[in-house]
Amino acid sequence: MATVASGGATPFVGEATRLRRRYIFPRSSLSRKIEPSVKAKAPPTRGQLRSEPDSPNPIRISGSDNGNVGREVLDRSEVAPRGIRDYIKLSRELIGSAKGSVRWFSPIECAQCGEGSPLLLYLPGIDGVGTGLVRHYARLGKIFNIWCLHIPVDDRTTFEELIQYIENTVKSEKTRLQGRPIYIVGESIGACLALAVAARSRNTDLILILVNPATSFKRTWLRDISTLLDAVPDPFHVPISSLFSLLSGNYIRTTTNFKARELAMEEAIPILSEGLTDMLPSLSLLGDILPKESLIWKLKILKEASSYVNSRLHAVTCQTLILASGKDEILPSHEEADRLCTILPNCRVRHFQDSGHALLLERGLDLVTVIKGAGYYRRTWQTDLVSDYLHPTTYEFENVSREYRLTNFATDPVMLSTLGDGHIIRGLSGIPDEGPAVFIGNHMLMGSELGPLVIQFLKEKNILLRGIAHPFMFDRNAEMLMPDYSSFDKYRIMGSVPVSGINLYKLLAINSFVLLYPGGAREALHKKGEEYQLFWPQKSEFVRMASRFGATIIPFGVVGEDDLYNILLDYNDLKKLPFYDSLDKKLNEGPVGAAVRLRSDYEGEVANQELHPIILAPKIPGRFYFLFGKPIKTKGMEKELRDRDNAQQMYLQVKSEVEKCLSYLREKREKDPYRSIFSRLVYQATHGSNSEIPTFEP
């Protein structure tokens with residue numbers, strides 16, 4: 001059995017003095033050989049920098065979502081502005097000082113994680129250094145207890161021994177942190193290690209995040225490169241190994257971006273200079289890190305890892321999220337991710353079409369955002385999108401706003417609210433600042449009002465609306481029917497949860513502002529001639545729950561879809577087409593239909609919750625109009641509204657208020673001189689692009 005080169009405890013501690021500001025290592029494992037029978041050591045400690053409880057604390061519903069005036073709703077943290085140069089610098093520093101055996105280290109610069117945070121193990125790629133998360137330390141460190149695996153350059157630990165070492169760590173931490181999941185982020189060959197451990201730990205609650213997994217090794221040029229390296233003399237191995245960095249895509253993407261953006265020479269030169277400054281040190285990175293013998297050993301391990309894991313994929317049943325680069329010149333990551341997704345039963349994929357092999361080091365990627373968007377962050381044994389919700393960052397909110405920029409420009413939404421005395425004003429001053437509150441309204445076609453509504457509330461009122469959404473948007477099989485698997489990620493990032501009584505209960509318990517559409521998918525996918533019709537259940541679904549927490553009910557109406565789209569083919573038209581039957585079955589039967597079926601025990605139109613596409617034709621854009629009615633307070637009425645008849649009467653009152661809002665807006669918009677986009681463009685041309693465009697007098 002191969003043994004690990006011994007660096008000696010005392011020499012390492014002496015050399016590590018200058019690293020103490022950045023890394024913490026478990027001293028007891030500095031010169032230890034890896035033996036399958038030896039249990040992994042306890043976690044690296046941080047003294048006063050981090051206090052980790054010995055036993056997990058249960059996650060309870062407590063605190064406030066956004067019901068306090070002046071509370072900061074957006075998370076101001078961001079990914080560190082680091083790149084390949086920082087990675088190289090830290091890697092060389094760590095390699096030069098951290099001699100010895102395979103070990104875990106925890107970056108001191110990670111922020112202190114919150115109470116009850118899960119453990120995250122990072123398994124590096126072929127370099128083995130363990131600093132691949134350098135851009136994400138600060139963000140990940142707030143919500144995870146991070147350990148990174150470091151494999152010394154001269155280490156000759158076999159693949160089986162690495163698996164055993166990681167597996168022992170997982171078993172040890174499973175016992176110590178009962179009730180919490182263990183995350184494993186694996187990059188390239190690290191992804192193979194993660195899959196191997198998962199296949200051997202089926203009774204452990206693992207969540208895998210795999211970045212460009214090397215399970216496709218046999219279909220790449222890497223398979224034969226070790227033979228080539230054997231034939232290359234030592235002085236020339238650096239250019240050969242530099243090929244890895246070159247093919248990571250940095251140079252290719254730089255030149256491609258210049259062509260795509262058609263930059264002028266004076267604009268391109270400084271950008272190219274900056275790109276080359278970042279890229280040139282990386283060209284010799286693997287040559288500096290890995291001598292020829294080490295590189296050949298790593299490739300041998302990679303070949304063994306791919307073969308080992310592919311024969312055991314059937315045993316991997318844990319939650320898995322694969323991040324795949326579309327321009328990975330080393331591995332066919334895009335195709336491999338789709339292949340793995342068809343094999344692994346609990347797997348989701350996120351594609352990054354313009355990224356290269358070193359995905360985690362690229363600017364623009366926030367690993368926490370990806371995990372949140374996929375709905376993969378949890379602190380207990382089950383997913384709880386309320387208790388474990390992480391508020392959007394400023395960067396995430398800006399990205400969502402950017403997606404709806406064209407819609408906002410074309411429709412210039414008018415927001416009206418009602419004061420306590422019944423007076424209607426422009427703006428959201430009539431909306432209460434304190435939660436809990438439930439917004440009850442009508443869906444426009446395809447839910448086109450959602451983006452402008454949520455964005456405006458955050459900008460003007462500092463209120464995050466938590467949407468109660470159709471379960472289709474959270475189902476794995478459903479998202480695989482979409483052209484882009486991440487189509488629904490923005491809704492999870494902005495706080496949407498699947499429709500259920502327990503989720504409504506949890507949201508109101510933390511004083512949330514909840515957005516609820518009783519008409520659901522039936523209204524959002526309505527047929528021709530059904531604009532602004534309400535398709536609500538006959539019986540109350542939310543009044544008694546709202547009264548239990550003293551929540552304010554705010555009825556609202558929104559119009560404008562008929563100024564934006566024409567329905568060419570609705571459900572009645574589509575079902576006459578010969579090919580539509582197969583698509584209908586995919587959407588509403590089988591795994592997707594079973595997961596997303598709603599109100600199956602209802603009767604009438606509201607029971608028709610089947611999903612279907614709609615063929616639309618755009619129109620010259622009109623304007624969106626929102627009217628929020630007079631708030632209806634339920635505080636102090638819990639006893640009264642326990643009576644079903646009283647609750648039903650309030651339910652009908654809310655429905656009537658929504659209908660009045662719709663009638664008011666449809667009548668008043670006829671008097672808006674700026675309903676047409678052309679008149680709005682003229683106004684902005686004469687008054688400035690940032691000026692507020694007038695509307696009718698409320």
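The basis for the numbers below is simple: all heavy atoms, side chains too, and nothing from hydrogens, waters or symmetry mates.
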What's the shortest heavy-atom distance between F159 and A196, and which atoms?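 So the minimum-distance heavy-atom pair works out to CZ-CB, 4.2 Å.
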Measure across C347 and C341 and return the closest heavy-atom pair with its distance rounded to 0.1 Å.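 Heavy atoms of C347 and C341 come nearest at O-SG, 3.6 Å.
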Could you give the side-chain donor-acceptor pairs of residues 181-191 under 3.5 Å, partners two or more places apart or in another chain?
| unit_1 | atom_1 | unit_2 | atom_2 | d |
| --- | --- | --- | --- | --- |
| Y183 | OH | Y376 | O | 2.4 |
| Y183 | OH | R378 | N | 3.0 |
| E187 | OE1 | Y122 | OH | 2.6 |

Can you tell me how the ring of F488 sits relative to the ring of F472, calling it parallel under 30°, perpendicular over 60° and tilted otherwise?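 Rings of F488 and F472: perpendicular, over 60°.
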Can you classify the ring geometry of H150 versus F105 as parallel (below 30°), tilted (30 to 60°) or perpendicular (above 60°)?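 Perpendicular, since the angle between the ring planes exceeds 60°.
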What do the steps show when you test S325 against E362 for side-chain contact (heavy atoms from CB on, under 4.5 Å), and what is the final call? CA-CA 11 Å; S325 297; E362 293 191 8; 5.5 Å; no
Residues in side chain to side chain contact (heavy atoms under 4.5 Å, CB included) contact with P498, at least two apart in sequence or another chain: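 L385, F474, N503.
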Output all residues satisfying side chain to side chain contact (heavy atoms under 4.5 Å, CB included) with I343, sequence neighbours left out; order by chain, then residue number.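 Side chain to side chain contact (heavy atoms under 4.5 Å, CB included) check on I343 returns L313, R339.
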With sequence neighbours excluded, residues passing side-chain hydrogen bond (donor to acceptor under 3.5 Å, both in side chains) with [X]:
X: R348; answer: E479
X: E160; answer: R200
X: T369; answer: D366, E396

Euclidean distance, [Y] [atom2] relative to [X] [atom1], rounded to 0.5 Å:
X: H391; Y: S77; atom1: NE2; atom2: OG; result: 12.5 Å
X: L321; Y: N346; atom1: CG; atom2: CG; result: 11.0 Å
X: I493; Y: S486; atom1: CD1; atom2: OG; result: 9.0 Å
X: L361; Y: H136; atom1: CG; atom2: NE2; result: 7.0 Å
X: I468; Y: S500; atom1: CD1; atom2: OG; result: 7.0 Å
X: L208; Y: L123; atom1: CG; atom2: CG; result: 9.5 Å

Residues [X] and [Y] bridged, charged N to O under 4.0 Å:
X: R139; Y: D75; value: yes
X: K171; Y: E167; value: yes
X: R492; Y: D489; value: yes

Under a 3.5 Å cutoff, is there a donor and acceptor pairing between the side chains of N399 and E403?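 Judged by distance alone, the side chains do not pair up.
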For [Y], does its backbone N or O pair with a side-chain atom of [X] as donor and acceptor, under 3.5 Å?
X: R180; Y: P118; answer: no
X: R379; Y: S387; answer: yes
X: R466; Y: V386; answer: no
X: S106; Y: I146; answer: yes

With a 4.5 Å heavy-atom cut-off, do [X] and [Y] have their side chains touching?
X: D155; Y: S101; value: no
X: L162; Y: I151; value: yes
X: H357; Y: L331; value: yes
X: I207; Y: I371; value: no
X: L302; Y: K298; value: no
X: T131; Y: D86; value: no
X: K506; Y: D384; value: yes
X: V368; Y: Y377; value: no

S333 and its side chain to side chain donor-acceptor pair (under 3.5 Å) partner, picked from D338, N212, T215: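 Among D338, N212, T215, the one meeting side chain to side chain donor-acceptor pair (under 3.5 Å) with S333 is N212.
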W104 vs L121, side-chain contact (heavy atoms from CB on, under 4.5 Å): CA-CA, chis, key distance, verdict: CA-CA 9 Å; W104 299 105; L121 305 177; 4.0 Å; yes
As a quick check of understanding, evaluate side-chain contact (heavy atoms from CB on, under 4.5 Å) for T169 and L149, giving each step before the final call. CA-CA 11 Å; T169 300; L149 186 68; over 6 Å; no
Does the ring of Y308 carry R312 above it, NZ/CZ under 6.0 angstrom from centre and within 45° of its axis?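 Yes, R312 sits over the ring of Y308.
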Carefully, step by step, assess S201 and L206 under the rule side-chain contact (heavy atoms from CB on, under 4.5 Å). CA-CA 8 Å; S201 309; L206 297 177; 4.2 Å; yes
